[in-house]
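Heads up: the structure comes next, in structure tokens.
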2 protein chains.
Amino acid sequence: MSAQGLPQNQRIDKASTVAADKIAGQLRSDILGGRLAPGERIMQEVLAEQFGASRMPVREALRILQSDGLVTLISNSGAWVSKLSMAECAEAYEIRERLEPLLIRESIPLLSDHEIDVLTGLVEALEENTDVEMFLRLDRQFHLLSYSAAPTAIVSEIIHRLWNTTQHYRRAFTLLMNSERRQITTYEHRLLIDAIQRRDTDEAERTLLGHIRRTRHELGRHPELFIAS
Amino acid sequence: MSAQGLPQNQRIDKASTVAADKIAGQLRSDILGGRLAPGERIMQEVLAEQFGASRMPVREALRILQSDGLVTLISNSGAWVSKLSMAECAEAYEIRERLEPLLIRESIPLLSDHEIDVLTGLVEALEENTDVEMFLRLDRQFHLLSYSAAPTAIVSEIIHRLWNTTQHYRRAFTLLMNSERRQITTYEHRLLIDAIQRRDTDEAERTLLGHIRRTRHELGRHPELFIAS
DNA sequence: TGATCGCAGAATGTATCCATATCAACGAGG
DNA sequence: CCTCGTTGATATGGATACATTCTGCGATCA
């Protein structure tokens with residue numbers, strides 16, 4: 001049982017020199033950016049040619065994305081962009097309801113003043129913004145940054161995954177939001193940033209929980225986003 | 001954006017004909033069974049020879065186990081059996097506290113009478129058992145079976161992952177349990193199976209939460225399980 | 001003496017080729 | 001006309017060989 005220690009830095013997010021990582025990064029960006037739709041087939045050879053590499057690193061990239069939950073692999077059959085049923089999407093939101101309050105609670109006391117300034121700026125940018133892609137990016141940045149100081153690596157990873165796998169449906173949902181719904185979102189964000197500025201963890205938790213829950217309920221009213229295609 | 005549908009069965013748990021799956025299965029069993037310790041190095045060539053295969057399926061197997069959280073891969077460096085710090089282990093229990101009550105609540109109404117009989121049998125077997133490996137197996141079977149009827153695939157997967165990654169520490173912890181502690185566990189299991197038999201979801205949730213929380217607190221008193229080796 | 005550079009060995013990453021499984025089209029039979 | 005079996009094309013899985021990167025040890029120089 002000679003247990004040799006791991007290198008210190010278990011997480012290396014910076015682009016590595018490994019082709020598979022680069023391909024995975026590009027693919028991830030394509031999926032999150034909506035350029036690849038859920039259910040769409042991914043073929044190894046096409047990707048390989050596209051990247052000027054052999055199929056080998058592509059296969060590894062697909063495995064990587066599978067562990068991110070972004071791609072579904074089936075033996076001897078192929079790879080598809082993961083898709084969620086309405087039930088699964090609702091489930092993702094239920095999990096977020098239970099875990100993100102934990103994250104914000106752990107994070108708030110450790111956020112720097114500078115980070116809170118950035119968060120405030122993001123909320124303001126969100127109010128002025130009208131573009132859907134920009135909304136998705138800013139909203140994601142705002143929430144994930146608000147959790148970023150939390151020292152809880154495992155929860156963070158789970159939440160990142162859920163944000164990734166639900167990204168496509170948030171986009172579709174955002175497109176459907178009417179002005180009333182946008183107003184509500186704006187207010188929720190204002191309440192949340194206010195609580196964060198005052199470092200009122202309890203209030204932040206409550207507001208966040210309501211924010212996610214309301215979104216889940218709203219999503220339940222749009223089953224058309226999940227029709228099998 | 002021609003989204004072609006995926007095959008119906010996204011999950012194929014039965015042993016496939018694919019070598020990588022078989023290797024992954026064996027490795028998983030080795031890790032969960034304690035024959036491979038956290039932090040231990042895994043070398044592709046050794047495994048390949050051991051299975052009479054080339055390094056290629058081994059690499060795929062390692063990716064699979066990475067998505068299970070059992071293995072940590074580092075580019076251009078190698079693979080290690082995942083290990084947890086005490087903080088991460090405590091975090092895993094905090095997540096379980098928040099998600100497993102959800103699972104048991106969703107599961108209980110859908111459990112068949114037969115499954116409840118099996119659960120009852122497992123509790124009895126646990127009380128009579130004295131062997132550590134058997135305890136781990138029975139305890140795991142009991143809890144996971146009690147959740148098995150829950151239609152929540154995502155939560156289930158998260159919980160399975162957490163049980164996997166904490167397995168080694170549960171083993172070490174189980175070895176340290178004194179008779180008083182074992183008594184408490186027995187009572188908790190009895191309360192839980194009683195609530196399940198009566199299909200009392202609220203009581204089951206409460207009992208389960210306490211069960212996990214007490215274990216987490218108890219674990220916090222044994223930092224020696226996490227010394228860097 | 002110690003610190004840095006460099007080289008050798010080993011392990012991982014990649015490419016190419018071959019084997020095999022899957023699926024759809026086609027044709028024969030009922 | 002429908003059903004079932006066969007067959008062929010296509011895409012994935014696996015093996016071997018080669019390239020690249022990392023690590024640790026030792027020599028050299030300040």
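Order of the sequence lines sets the chain letters (A, B, ...), proteins ahead of strands, with each chain counted from 1. Remember, it's a predicted structure, so these values are computed and weren't measured experimentally.
In this structure, Asn76(A) atom CG and dT12(D) atom P are separated by 10 Å, rounded to whole Å. Counting to the nearest Å, the C1' atom of dT21(D) and the CD1 atom of Ile74(B) are 14 Å from each other. For the pair Arg41(B) CZ and dT23(D) C1', the computed distance is 10 Å after rounding to whole Å. In this structure, CD of Gln44(A) is placed 17 Å from P of dC17(C), rounded to the nearest angstrom. Regarding Trp80(B), its CH2 atom lies at a distance of 10 Å from the C1' atom of dC22(D), rounded to whole Å. Atom CD1 in Ile64(B) sits about 14 Å away from atom C1' in dG14(D), given to the nearest Å. Following rounding to the nearest Å, Asp21(A) (CG) and dT20(D) (C1') show an atom-to-atom distance of 15 Å. The nearest whole Å value for the distance from the NZ atom in Lys22(A) to the P atom in dT20(D) is 13 Å.
Ring orientation note: the planes of Trp163(A) and His143(A) are tilted relative to one another, at an angle of 30° to 60°.
A search for salt bridge (charged side-chain N to carboxylate O under 4.0 Å, His left out) contacts involving Arg55(A) returns nothing, not counting sequence neighbours. Residues passing the side chain to side chain contact (heavy atoms under 4.5 Å, CB included) test with Thr201(A) are Arg105(A), Ile108(A), Pro109(A), sequence neighbours excluded. Qualifying salt bridge (charged side-chain N to carboxylate O under 4.0 Å, His left out) partners for Asp113(B), counting only residues two or more places apart in sequence or in other chains: Arg199(B). Not counting sequence neighbours, Glu49(A) has no partner by the salt bridge (charged side-chain N to carboxylate O under 4.0 Å, His left out) test. Scored by the ring pair (Phe, Tyr, Trp, His ring centres under 6.0 Å) test, Phe142(A) finds His189(A) as partners (sequence neighbours excluded). Scored by the side chain to side chain contact (heavy atoms under 4.5 Å, CB included) test, His222(B) finds Phe173(B), Leu176(B), Glu224(B), Leu225(B) as partners (sequence neighbours excluded). With sequence neighbours excluded, the residues forming a side chain to side chain contact (heavy atoms under 4.5 Å, CB included) with Asn129(A) are Asp131(A), Met134(A), Phe135(A), Leu138(A), listed by chain and number.
A heavy atom lying under 4.0 Å from DNA chain D marks the following residues of residues 51-63 of chain B, by number: Ala53(B), Ser54(B), Met56(B), Pro57(B).
Taking five base pairs at each end of the helix from dT1(C)-dA30(D) to dG30(C)-dC1(D), the local helix axes there meet at an angle of 20°, rounded to 10°.
In this structure, Ile23(B) reaches neither bases nor backbone, as no heavy-atom distance under 4.0 Å exists between it and the strands shown. At a threshold of 4.0 angstrom between heavy atoms, the contacts of Ala20(A) are confined to the sugar-phosphate backbone, with no base atom among them.
Side-chain proximity of Met43(B) to the nucleotides dA11(D), dT12(C), dT22(C) is greatest for dT12(C). Comparing dT14(C), dG13(C), dA11(D) by their closest approach to the side chain of Ala19(A) singles out dT14(C).
Once rounded to the nearest 0.5 Å, the distance linking CD of Glu100(A) with CD1 of Ile159(A) reads 4.5 Å.
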